[in-house]
Amino acid sequence: MRYWLMKSEPDEVSFDDVIKAPKQTVAWFGVRNYQARNFMRDAMSVGDGVLFYHSSCAVPGVAGIAEVASTPYPDASQFDPESHYHDPKATQENPRWISVDVRAVEQGRYLPLTEMRANPALEDMVLLQKGSRLSISPVTQGQWNAILKLLREGKR
DNA sequence: GCCAACGTTGGC
DNA sequence: GCCAACGTTGGC
């Protein structure tokens, strides 16, 4: 059992979109970074905890709790010439990019990035390191516990 | 819209 | 295999 933070632009897929989806589950597609892909391919397991993070928006932050809901499978968008995520070097025989399914589990309050930065318990998070741009990053048990506590308590 | 930081590409 | 040039990310 591991924990992850996964970034999504809410204009594309928000946590509310996941809640409204059938079975509260969506395919996590469009990852085009090898390190993030390798996390999905090599380290994720069904049931792993996911912090659903909203990036590139007015108030970036953790929007909800989710979980990994499938094993990895080829990301369909890499084969679609019409897709923004099309990869001409990917073939059905040799897919380059993968997806996993993600299921919404719990919506706490919205936890803004500014509040995470101000919390000493979270200062080692990969997300918060200078220059860190990884769209999928590992979260420790301690960081996970601290964030769940913040999500479940009222605004401070 | 700016721009620092990072990742990828491709010539050599 | 180096590294300059280019493209992307993402907070501000």
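Here the structure is a predicted model, which means the values were calculated and not measured. In what follows, every chain begins at residue 1, and chains take the letters A, B, ... in the order their sequences are listed.
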Bend angle of the helix from B/dG1-C/dC12 to B/dC12-C/dG1, from helix axes over five pairs at each end, nearest 10°: 10°

Stepwise side-chain contact (heavy atoms from CB on, under 4.5 Å) test for A/Phe15 and A/Val62: CA-CA 9 Å; A/Phe15 191 69; A/Val62 174; over 6 Å; no

A/Asn119 side, atom CG; A/Ile147 side, atom CD1 - distance, nearest 0.5 Å: 8.5 Å

Residue closer to the 5' end of DNA chain B, A/Lys89 versus A/Gln35 (nearest nucleotide): A/Gln35

A/Phe29 atom CZ: more than 12 heavy-atom contacts under 6.0 Å: no

Nucleotide range of DNA chain B lying under 4.0 Å from chain A heavy atoms: B/dA5 to B/dT8

From A/Gln143 atom CD to A/Met116 atom CE, the distance as rounded to the nearest 0.5 Å: 8.5 Å

Distance in Å, A/Arg117 CZ paired with A/Leu128 CG, rounded so as to fall on 0.5 Å steps: 5.0 Å

Enclosure of A/Arg32 CZ (heavy-atom neighbours >12, cutoff 6.0 Å): yes

Nearest atoms (heavy-atom pairs only) where A/Pro138 meets A/Val126: O-CG2, 4.0 Å

Set of side-chain hydrogen bond (donor to acceptor under 3.5 Å, both in side chains) partners for A/Glu12, sequence neighbours left out: A/Tyr85

